Amino acid sequence: MFKHEKQLFHPVEVEGPNPQYAALLQEQMGGGNGELKAALQYMSQSFRIKDQEIKDLFMDIAAEELGHLEMVAQTINLLNGHDVDAKAVTAGEIQSHVILGLNPGLINASGYSWTGDYVTVTGDLCADLLSNIASEQRAKVVYEYLYRQIDDKKVKETIDFLLNREEAHNAMFREAFNKVQNTGSNRDFGTTQAARMYFSMSEPSPQGTPFPNADVNPPSFNQ
């Protein structure tokens, strides 16, 4: 069950319209590293998780990501303005103006539709947690790029909040991974000498490389 709270996670304001930047921000609406992708990925992954604490973590973060999606949409609304007028708006994303009537859509910055192919689910908790850690890191990078490309202080405050929440989610997923890292695909990996070998394919090889002497203790299979 979900409940919609009308209050946003963080206040959303802009100093003035900026339809060109609204087009860039669409990446976090319907892009491959955007908020919808994160929400649906974590929710989908949670369905098979048996550890109730970690299952709740996935669902709680998924719900928050939907709240972030709402914040991004509101910011795009304010940046686009509220009148579809080609003469008044000389720049922006074509889809939003011609097809969506300035409604923030589930498209990326280039106008391509969001797709379920963005969502990664393996059914293996370790693999999914590592995927989520990477997803949060990539989302953080996109927000960093977006932060650098606008001078609007109000928009930057919103992005700063969202960027920091990505960092928080990253830390939560890392903590969960530490709890289960000796299970699932992690437990079954590295059972032979081959898993402890490093092949140097660079000639000449760097001197003093630590990789050939890396000490790896492979776990054993469950009997």
Side-chain angles (χ1 to χ4, degrees), residues 2 4-5 8-14 18-47 57-80 91-97 99-122 128-150 152 154-174:
F2 292 91
H4 177 233
E5 296 285 351
L8 296 176
F9 269 106
H10 186 275
V12 169
E13 299 178 73
V14 302
N18 188 335
Q20 187 62 38
Y21 190 79
L24 299 181
L25 196 54
Q26 276 286 157
E27 192 64 33
Q28 292 300 72
M29 276 285 294
N33 297 305
E35 303 291 357
L36 181 64
K37 172 266 177 74
L40 292 185
Q41 176 162 305
Y42 308 155
M43 187 183 300
S44 298
Q45 291 171 347
S46 76
F47 296 150
L57 174 68
F58 276 53
M59 287 297 287
D60 288 343
I61 295 179
E64 183 179 345
E65 300 288 16
L66 289 175
H68 293 177
L69 184 72
E70 186 177 24
M71 289 178 62
V72 172
Q74 178 64 4
T75 305
I76 292 172
N77 260 332
L78 295 173
L79 289 168
N80 268 330
E93 198 279 311
I94 295 173
Q95 294 284 92
S96 295
H97 289 79
I99 297 177
L100 299 172
L102 296 185
N103 189 79
L106 298 184
I107 55 177
N108 66 10
S110 298
Y112 292 103
S113 297
W114 187 90
T115 171
D117 291 339
Y118 293 149
V119 174
T120 299
V121 181
T122 69
D128 284 346
L129 278 166
L130 288 172
S131 178
N132 295 352
I133 291 168
S135 291
E136 294 292 333
Q137 198 75 17
R138 288 192 297 269
K140 182 182 175 184
V141 169
V142 175
Y143 275 127
E144 288 177 349
Y145 292 154
L146 287 165
Y147 188 89
R148 298 171 192 160
Q149 296 181 70
I150 192 169
D152 188 310
K154 297 295 185 181
V155 174
K156 294 185 84 166
E157 286 178 8
T158 297
I159 293 176
D160 185 60
F161 171 82
L162 293 169
L163 193 157
N164 277 277
R165 289 308 299 162
E166 304 296 353
E167 181 65 28
H169 296 166
N170 194 318
M172 294 174 197
F173 283 134
R174 288 175 186 272

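These numbers were taken from a predicted model, which means no experiment stands behind them. Along the sequence shown, the residues carry numbers beginning at 1.
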Open item on the list: What verdict does the side-chain hydrogen bond (donor to acceptor under 3.5 Å, both in side chains) test give for Tyr42 and Glu136, after you've listed the backbone C-alpha separation in whole Å, the side-chain angles of each residue and the deciding distance to 0.1 Å?
Closed with: CA-CA 11 Å; Tyr42 308 155; Glu136 294 292 333; 2.6 Å; yes
In this structure, CE of Met71 is separated from CZ of Arg165 (nearest 0.5 Å) by 10.5 Å
d(Ile159 CD1, Arg148 CZ) to nearest 0.5 Å is 11.5 Å
Shortest non-hydrogen pair, Ser113 vs Tyr118, comes out as O-OH, 4.1 Å
Residues passing the side-chain hydrogen bond (donor to acceptor under 3.5 Å, both in side chains) test with Glu65, sequence neighbours excluded, are His68, His169
Correct closest heavy-atom pair for Ser131 and Gln41 would be OG-NE2, 3.6 Å
Rounded to the nearest 0.5 angstrom, the OG1-CG distance for Thr115 and Leu36 is 10.5 Å
Find out whether Tyr147 and Leu162 are in side-chain contact, i.e. whether some heavy atom of one side chain is under 4.5 Å from a heavy atom of the other. no
Query raised in the report: Between Glu167 and Tyr143, does any side-chain donor sit less than 3.5 Å from a side-chain acceptor?
Result: no
Would you mind reporting whether Asn18 and Asp152 have side-chain heavy atoms less than 4.5 Å apart? no
Interatomic distance, OG1@Thr122 vs CG@Leu129, rounded to 0.5 Å, equals 9.5 Å
Exactly one candidate in Thr158, Leu146, Val142, Asn80 meets side chain to side chain contact (heavy atoms under 4.5 Å, CB included) with Leu25; the answer is Leu146
Scanning both residues in full, the closest heavy-atom pair of Ala62 with Ala39 reads CB-O, 3.4 Å
Rounded to the nearest 0.5 angstrom, the CD1-CZ distance for Ile133 and Arg138 is 11.5 Å
Applied to residues 24-44, the salt bridge (Lys or Arg N to Asp or Glu O under 4.0 Å) test, sequence neighbours excluded, yields none
Query raised in the report: Is the shortest heavy-atom distance from the side chain of Val121 to the side chain of Phe47 under 4.5 Å?
Result: no
Side chain to side chain, Val155 and Tyr21, heavy atoms closer than 4.5 Å: yes
| With a cut-off of 6.0 Å (strictly less than), are more than 12 heavy atoms of other residues, nucleotides or ligands near NZ of Lys154? | no
To the nearest 0.5 Å, atom CG of Leu24 lies from atom CD1 of Ile76 at 10.0 Å
Minimum side-chain heavy-atom gap Met59-Phe2 below 4.5 Å: yes
The side chain to side chain donor-acceptor pair (under 3.5 Å) partner of Gln137 among Asn132, Asn33, Asn170 is Asn170
Of all heavy-atom pairs linking Thr120 and Asp128, the shortest is O-OD1, 4.3 Å
Met29 and Leu69 have their tightest heavy-atom pair at SD-CD1, 3.6 Å
Check your understanding: Taking the side chain from Asp160 and the backbone from Lys156, do they hold a donor-acceptor pair closer than 3.5 Å?
Key -> no
